[in-house]
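Encoded as C-alpha cells, the structure appears first; notes follow it.
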Amino acid sequence: MALSSNHIDTIAAPATPAGRGGVGIIRVSGPLASTILQQVTHKKLPSPRQAVYSQFFDENNDAIDMGLILFFNSPHSFTGEDVVEFHGHGGPVVIDCLLRRILQLGARLARPGEFSERAFLNDKLDLAQAEAIADLIDSASEQAVKSAMRSLQGEFSKHIDHLVSELIHLRMYVEAAIDFPEEEIDFLSDGVVTGQLSNIISELKKLLVSATQGVRLRDGLTVVIAGKPNAGKSSLLNQLSGRESAIVTDIPGTTRDLVREQILLQGIPLHIIDTAGLRDSDDPVEQEGIRRARAEIDKADLLLLIVDVTHQTLPSTARGGEEAVGNLLPQCLNISSILDEYGLAGRTVTIVFNKIDLLQKEPQLIDSKPISQVFLSAKKGDGIELLRQHLLHQAGVNQLGEGQFIARRRHLDALQQAFAIVKEAEKNFHQHAMGELLAEDLRHAQQHLSEITGQFTADDLLGKIFSSFCIGK
Ligand SMILES: Nc1nc2c(ncn2[C@@H]2O[C@H](COP(=O)(O)OP(=O)(O)OP(=O)(O)O)[C@@H](O)[C@H]2O)c(=O)[nH]1
Ligand SMILES: [Mg+2]
C-alpha cells in the first residue's frame, strides 16, 4: 500500500502543544522535507537520526531561532516518508515564524491525524495501533497508559491477526472440500471443521472479554441508579459526585428527569445517572420520567438498584430494633424476590441496601456475580468507600493483569459481529453441514475482524477515525 512519493504533499505541524515551553517541535513529512531542512538551516542534510545543532533562518536570512534538527530517511521514520524535526524554543510566536517559513518552502499544514494516517497508509502501523497512539495521549489513568502502550505495540492486533489467519485456514479447508464434491461429506464430517470452529469461538470469547475491559478503561462505564421513590437514589448520586447535583427531599417522586454526573475513580471515568423512582403513577410527567429511567436501566453497564433497607420484612426473631437486627440482614433478605419485583431476574445487578443508619448496621460489601450487595447510608456516607471499591472492581481495575490492552467501541462492535456470525455458522453447520454457507460466513466474520486492524476498512471510516486525532499527531 506504500504511496509513491512524487504526488504526495509535504505536511508540517507543531508536534508540541500550543503555549510556552522550553522546547517547541515542528515535524515535517514528505518528499520536500529534506530540502526544507537545508533551506531553513543553510546546512547540508545531517546523517539520519543524528541530532545537529543549528540556527533556523527566515526568507531574509534573519535567524528566527536555534535548536536541534533531526532527519529520518524514508522508510525509517514514523510516517514511512522522509521526516525532519526542528526542535526550537517553545513560544507561540517563534513556532509560528518557523512554521510560516516551512510553509513558504512548499509544505502545507497537516490535517488532524495526518501523520498517523500516513504511517497507517505506509504500513508502519495498523489501524488499531494508530488509534492506540491517540488513546495513549488521552489516557486518564496509569492503567490506561499501560494498556494503550500494549495496543500500540501490537498486542491487540496480534490476537486479531491470529484469529483472521485461523478463519482463513478453516475457510480454505472447507473450500477445498467443496471443490471435491465426491469427498465433501467425509471432509466436512471428520471433526476438523467442528474442532476448529469451537477453537475460534472460544478465542473470540476471550478477546471479547478483554476488549470490553479495554473499552471500559478508555471510555469508562455507565452506572445507572434506580429504585423506588425515596429509596435514596439522589442522595447516593450526590455522595458519589461530592456535590448537590440532584434535589433530595422526603417527598416521593422528587426526581423526574435524568440527572447525569461524570466522576473519575482512579482515572476511570464513571458516567452516573440518577433516575425517577419506579412506581405506578397517573402523572404524565412522572410517567415519562419512569419511561426514561427504564430505558437507561436497559442500557447500563452497571445497575445500582437502591432498596430502602427499612422496608424489608425481617423474620420476627430479628425484629425489635436492638443492635443485632441490622447485622442479621444479609442472611434474611430474599434477593430473588427483590429482583422479581423490579423485573430484573437474570441480570447483573448491584443491590444497594440504603439507610443502614436507621438499623444501626455496619457497612458491608458482598461482591459476587451476578448479584452483589452493598449495605450503606447514602445520607451519612457510611459505606460509600466500599461502593467505590466495588465500582472499580466492576470497571476491571483489579483484574487488569498482563496483556490487557486498550480498545474502542468500534473494535468491540466488530468483535461482537464476528462472534455472532461464527456462532450462527456453527449452529447451521451442525444442522445442515453445508460447506458453501459455512465458507461464506467465515468470510464475513473475517471481514469484520479485518476492520479492526484496517485491512478491510472503508475510506470514509478511516477519514472519520483520523480526523478525530489532533493536529500534529
Ligand atoms: N436515614 C437516612 N435517610 C436517607 C438516606 N438516604 C436518603 N435518605 C432520605 O430519604 C429521602 C429520600 O431521599 P432521595 O435521595 O431524595 O431519594 P430518591 O430515591 O432520589 O427519591 P425520588 O427522587 O423521589 O425517587 C430524603 O429525605 C433523604 O434524606 C440514608 O442513608 N439514611
Ligand atoms: Mg431522587
Side-chain angles (χ1 to χ4, degrees), residues 222-263 270-298 300 302-314 319 321-323 325-330 333 338-339 341-344 349-366 372-391:
T222 308
V223 180
V224 171
I225 307 178
K228 290 187 182 162
N230 260 2
K233 300 179 292 300
S234 302
S235 307
L236 186 65
L237 174 78
N238 293 351
Q239 275 291 349
L240 287 171
S241 67
R243 64 194 200 100
E244 301 296 309
S245 322
I247 301 171
V248 168
T249 72
D250 57 3
I251 306 163
T254 301
T255 307
R256 292 167 165 216
D257 265 332
L258 302 172
V259 183
R260 297 172 192 273
E261 273 293 326
Q262 162 117 273
I263 62 169
L270 296 186
H271 316 278
I272 305 180
I273 306 177
D274 176 25
T275 60
L278 304 170
R279 65 171 169 184
D280 291 328
S281 165
D282 296 328
D283 178 349
V285 181
E286 192 175 358
Q287 280 172 354
E288 175 58 17
I290 292 169
R291 193 192 64 73
R292 291 181 187 201
R294 294 222 176 264
E296 291 304 325
I297 290 172
D298 289 342
L302 179 62
L303 178 59
L304 299 182
L305 179 65
I306 315 296
V307 174
D308 184 334
V309 76
T310 64
H311 291 181
Q312 293 300 302
T313 29
L314 303 173
R319 285 221 184 92
E322 69 271 20
E323 198 187 324
V325 174
N327 293 323
L328 277 172
L329 263 170
L333 293 168
I338 294 176
L339 293 178
E341 192 185 340
Y342 292 89
L344 294 171
V349 181
T350 298
I351 309 182
V352 176
F353 290 100
N354 187 29
K355 310 196 185 182
I356 55 168
D357 50 300
L358 297 176
L359 292 182
Q360 287 107 39
K361 177 175 170 13
E362 292 299 309
Q364 188 181 357
L365 166 64
I366 305 172
S372 297
Q373 302 172 48
V374 189
F375 294 81
L376 54 73
S377 166
K379 187 173 178 172
K380 311 258 183 221
D382 304 332
I384 294 294
E385 213 30 64
L386 288 178
L387 178 62
R388 288 206 180 95
Q389 231 176 61
H390 173 67
L391 292 174

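Whatever order the structure lists ligands and atoms in, that order sets their numbers, starting from 1. Since the model is a prediction, treat every value here as computed from it, not as a measurement.
Using a 4.0 Å heavy-atom cutoff, Leu237 is absent from the residues neighbouring ligand 1. Residue contacts with ligand 1: Gly227 is excluded, as none of its non-hydrogen atoms falls under 4.0 Å.
Close contacts between ligand 1 and Pro252 involve ligand atoms 24 (O) [criterion: under 4.0 Å to a heavy atom]. The ligand atoms of ligand 1 that sit less than 4.0 angstrom from a heavy atom of Ser377 are 30 (C), 31 (O), 32 (N). Short contacts between ligand 1 and Gly277, defined as distances under 4.0 Å to a heavy atom of the residue, involve ligand atoms 25 (O). Contact atoms of ligand 1 toward Asp250: 27 (O) (distance under 4.0 Å to a heavy atom of the residue). Counting atoms of ligand 1 from 1 in the listed order, those under 4.0 Å from a heavy atom of Leu358 are 1 (N).
Counting only heavy atoms of the protein, atom 25 (O) of ligand 1 lies nearest to Lys233 NZ, 2.8 Å. Nearest protein neighbour of atom 15 (O) of ligand 1, counting heavy atoms only, is Ser235 OG, 2.5 Å. Ranking the protein heavy atoms by distance from atom 5 (C) of ligand 1 puts Lys379 CB, 3.4 Å first. Closest to atom 32 (N) of ligand 1, if we only count protein heavy atoms, is Asp357 OD1, 2.9 Å. Closest to atom 6 (N) of ligand 1, if we only count protein heavy atoms, is Asn354 ND2, 3.1 Å. The closest protein non-hydrogen atom to atom 17 (O) of ligand 1 is Gly232 N, 3.1 Å. In this structure, the protein non-hydrogen atom closest to atom 10 (O) of ligand 1 is Lys355 NZ, 3.1 Å.
Taking all atoms of both residues into account, the shortest heavy-atom contact from Val224 to Ala300 is CG2-CB, 3.4 Å. Residues Ser241 and Ile263 approach most closely at CA-CG2, 3.8 Å, considering heavy atoms. In plain terms, the two heavy atoms of Ala293 and Leu278 that are nearest each other are CB-CD2, 4.2 Å. Across all non-hydrogen atoms, the minimal contact from Arg279 to Ile290 is O-CD1, 3.1 Å. What you find for Lys228 and Lys233 is that their closest heavy atoms are O-NZ, 2.7 Å.
For the Mg ion (ligand 2), the set of nearby N, O or S atoms under 2.8 Å includes none belonging to Ser235. For the Mg ion (ligand 2), the N/O/S atoms of Thr254 include none lying under 2.8 Å.
Where the criterion is an N or O separation shorter than 3.5 Å, residue side chain and backbone included, Ile247 fails it with respect to ligand 1. An N or O contact shorter than 3.5 Å is missing between Val248 and ligand 1 by distance. The distance criterion of under 3.5 Å between nitrogen or oxygen atoms is not met by Asp274 with respect to ligand 1. Close N/O approach between Ala276 and ligand 1 is not found [any backbone or side-chain N/O within under 3.5 Å]. Checking only distances, Ile356 never comes within under 3.5 Å of ligand 1, N or O to N or O.
In this structure, the side chains of Leu339 and Ile351 come closer than 4.5 Å at one or more pairs of heavy atoms.
Residue Asn230 touches ligand 1 through backbone and side chain together, judged by heavy-atom distances below 4.0 Å. Residue-level proximity to ligand 1 for Ser234 is carried by backbone and side chain together, each with a heavy atom below 4.0 angstrom. Here Thr249 has backbone heavy atoms under 4.0 Å from ligand 1, and that is the only part of it that gets that close. Looking at Ile251 against ligand 1, only its backbone comes within 4.0 Å, counting heavy atoms.
At least one donor-acceptor pair under 3.5 Å links the side chain of Asn354 to the backbone N or O of Ala378. Although no hydrogens or angles enter the test, the distance criterion places a donor-acceptor pair under 3.5 Å between the side chain of Asn238 and the main chain of Ala246. Checked by atom type and distance alone, the side chain of Glu286 never pairs as donor or acceptor with a backbone atom of Arg256 at under 3.5 Å. Although no hydrogens or angles enter the test, the distance criterion places a donor-acceptor pair under 3.5 Å between the side chain of Thr275 and the main chain of Ile225.
Of all the listed residues (Ala226, Pro229, Gly253), Gly253 holds the heavy atom that lies closest to atom 24 (O) of ligand 1.
In the displayed structure, Asp298 atom CG is contacted under 6.0 Å by more than 12 heavy atoms of other residues, nucleotides or ligands. No more than 12 heavy atoms of other residues, nucleotides or ligands shown are found within 6.0 angstrom of CD1 on Ile247.
Looking at Leu304, Leu302, Thr350 one by one, the single match for side-chain contact (heavy atoms from CB on, under 4.5 Å) with Ser372 turns out to be Thr350. Between Phe353 and the choices Leu305, Leu376, Thr310, Leu333, the side-chain contact (heavy atoms from CB on, under 4.5 Å) rule is met once, by Leu333.
Remark: Glu296 does not engage Arg292 in a salt bridge, criterion side-chain N to carboxylate O under 4.0 Å.
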